[in-house]
Amino acid sequence: MKLLEINLYTNDLAGTRAFYSRELSLPIVSESPLHLSFQVGWTRLTFYSVNLPIAPYHFGINVPYSLLEECTYYFAFDYLQLQAPGQIIAEFPVFRTRACYFYDNNGNLIKFVSRADLPLDDPNLTLADLFQGICELGISTLNVAQTTSQLLQQFGIRQHPNAKPSPDLNMLGDDNGLFIVSRLNSSWPFTQVKAKLSYSYTVFHTDTNARLQVINSHELYKPQQEDIRLHQSIESILS
């Protein structure tokens, strides 16, 4: 599965431009007074400017397995300490995955993810090739089991074979693309950051021959009044 387009929202478009273009060295592919689009490997990441409160997002960027440490040196962020004091790289042996976490200017929780089972290592990689795509997107919900069922049945997304579903967390997809479904106000794995309801729009396919599909996150849970207001504001921007 690949996440091809992701739309998120920000109260600080200028700060978002500075962070992603300067700190992460991402190319800007489109911009206006109301939006910014960056290319992150196979993913087009767009931020829309809104004047309503936005809960922090959580997403992950694929990097080659052998270059995770180099990423932490080159991108000098204040990485979260994970699993042990002073340890900034978390180990997920069941998934054969390693990751490090940091925040962007909006308070979004981002991680660099490296997976041993993805053939992404190449000795000729340049900085522009370092990010293969956005490989994980967090979806917060009031009911993990209900949202999981909806994603499985409506969109044909598969349960990740190494994930063990719980009332607080589940993972759907594969190593190229995952939706991390988290219960509202539970912590994202290995952090103290709480999952919050936030609006996102994602275009994806489940395999290279499948049709494109779209997920509006507000359709995956019963929206509260503030979420309805945010959705209406965003729809007016997009129309």
Please collect all salt bridge (charged side-chain N to carboxylate O under 4.0 Å, His left out) contacts where either partner lies in residues 141-165, sequence neighbours excluded, each pair once. none

Atom of S21, atom of I28 and distance for their closest heavy-atom approach: CB-CD1, 4.1 Å

When the ring planes of Y20 and F59 are compared, do they come out parallel, tilted or perpendicular, using 30° and 60° as the limits? parallel

Is L26 close to Q39 at the side-chain level, that is, under 4.5 Å between some pair of heavy atoms? no

Got a salt bridge between E91 and R98, using NZ or NE/NH1/NH2 to carboxylate O under 4.0 Å? yes

Between OG on residue S217 and OH on residue Y201, distance to nearest 0.5 Å: 12.0 Å

Donor-acceptor pair, distance only, cut-off 3.5 Å: does the side chain of T46 make one with the backbone of S37? no

Does the ring centre of F77 sit less than 6.0 Å away from the ring centre of Y103? no

So for atom CD, which belongs to E23, do other residues, nucleotides or ligands contribute more than 12 heavy atoms lying within a distance under 6.0 Å? yes

Decide, yes or no, whether a salt bridge links R115 with E136 under the criterion of side-chain N to carboxylate O below 4.0 Å. yes

Can you sort out the partners of S187 under side chain to side chain donor-acceptor pair (under 3.5 Å), two or more places apart, ordered by chain and number? K194

Distance col, row L118:CG vs Y65:OH, nearest 0.5 angstrom, shows 11.5 Å

Nearest heavy-atom neighbours spanning S140 and A195: OG-CB, 3.3 Å

